[in-house]
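Everything quoted here is computed from the prediction, not taken from an experiment.
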Amino acid sequence: MIDRYILSLDPAQLRDYSALSAVRMRYDKVCRKVLYDLVNMERRQRIGYDEIVQWASAAYNTPDFHYRSLEPPLCLLDATGPGLALRDMFRLNGIRVVPIMITSGQ
C-alpha cells in the first residue's frame, strides 16, 4: 500500500512568485492504480531565498506529512535558476531534496 506525500517547490527570483504544492500519493485498490490528490498549493512573492527555505521546511515538518505515512515526504525542487543554491540550504536543514532540471531544446 502506497501512501506518501510529495512536496514540490518552484523557487523564484525576488520579483516573481515562488510556488509550493503538497500532493498525497495513494494506491486505490478498486482502480488498481496510484492516485494523486492535491492537498495544498501556495504562492509567495518578494521573499528572499532564506525565507523560501524556511517556508518549505515548515511545510516539510508538518506533522500530518509524517505520521500518516511510513516515509517522510518526497521533496522535489526546480533546480533551474536559484534552485541549486537552495538545494544546499535544504541540506543544511537536514532535508533531502530531489533537484529537477527542465530545459528546452536538446
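- Taking the side chain as every heavy atom from C-beta outward, I6 and Y36 approach each other to under 4.5 Å.
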### Query
Can you list the steps and then say if Y17 with R44 is a side-chain contact (heavy atoms from CB on, under 4.5 Å)?
CA-CA 5 Å; Y17 282 94; R44 294 193 180 171; 5.9 Å; no
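- A donor-acceptor pair under 3.5 Å is formed between the side chain of Q45 and the backbone N or O of R15.
- Two residues are said to be in side-chain contact when any heavy atoms from C-beta on lie closer than 4.5 Å; E71 and Y5 fail this criterion.
- V53 has its side chain within reach of N93: a pair of non-hydrogen atoms, C-beta onward, lies under 4.5 Å apart.
- In this structure, the side chain of S21 does not engage the main chain of M41 through any donor-acceptor pair within 3.5 Å.
- A salt bridge between K33 and D28 is absent, with no side-chain N of the basic residue lying under 4.0 Å from a carboxylate O of the acidic one.
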### Query
Would V23 and V39 satisfy side-chain contact (heavy atoms from CB on, under 4.5 Å), going step by step from the backbone distance to the final call?
CA-CA 5 Å; V23 173; V39 176; 5.9 Å; no
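- Side-chain contact check for L74 versus L7: every heavy-atom pair is 4.5 Å or farther apart.
- If you check the side chains of Q13 and Y49, you find a donor sitting under 3.5 Å from an acceptor.
- For the residue pair T62 / D64, no side-chain donor-acceptor distance below 3.5 Å is found, with atom types taken as modelled.
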### Message
Test side-chain contact (heavy atoms from CB on, under 4.5 Å) on D3 and M25; report intermediate values, then the result.
### Response
CA-CA 6 Å; D3 192 4; M25 181 176 74; over 6 Å; no
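- Within the 4.5 Å cutoff, the side chain of I95 has heavy atoms near those of the C75 side chain.
- The backbone N or O of P72 sits less than 3.5 Å from a side-chain atom of R4, completing a donor-acceptor pair.
- Hydrophobic clustering of Ile, Leu, Val, Met, Phe, Trp and Tyr side chains at less than 4.5 Å, counting indirect connections, keeps L77 apart from L92.
- In terms of heavy-atom proximity, Y60 sits nearest to P73 at CE1-O, 3.6 Å.
- No side-chain donor-acceptor contact under 3.5 Å links D16 to the backbone of A12.
- Contact of the F90 side chain with the R96 side chain is not registered, since no non-hydrogen atoms from C-beta on lie closer than 4.5 Å.
- Minimum interatomic distance between E42 and W55 (heavy atoms only, all atoms of both residues): OE1-NE1, 3.2 Å.
- In this structure, D10 CG and L20 CG are separated by 10.0 Å, a value rounded to the nearest 0.5 Å.
- Residues D50 and I52 have side chains not in contact (no heavy-atom distance under 4.5 Å, counting atoms from C-beta outward).
- Side-chain heavy atoms closer than 4.5 Å link hydrophobic residues (I, L, V, M, F, W, Y) into clusters, and following such links, even through other members, never connects M101 to M89.
- Considering every non-hydrogen atom in both D37 and R26, the closest pair reads OD2-NE, 2.6 Å.
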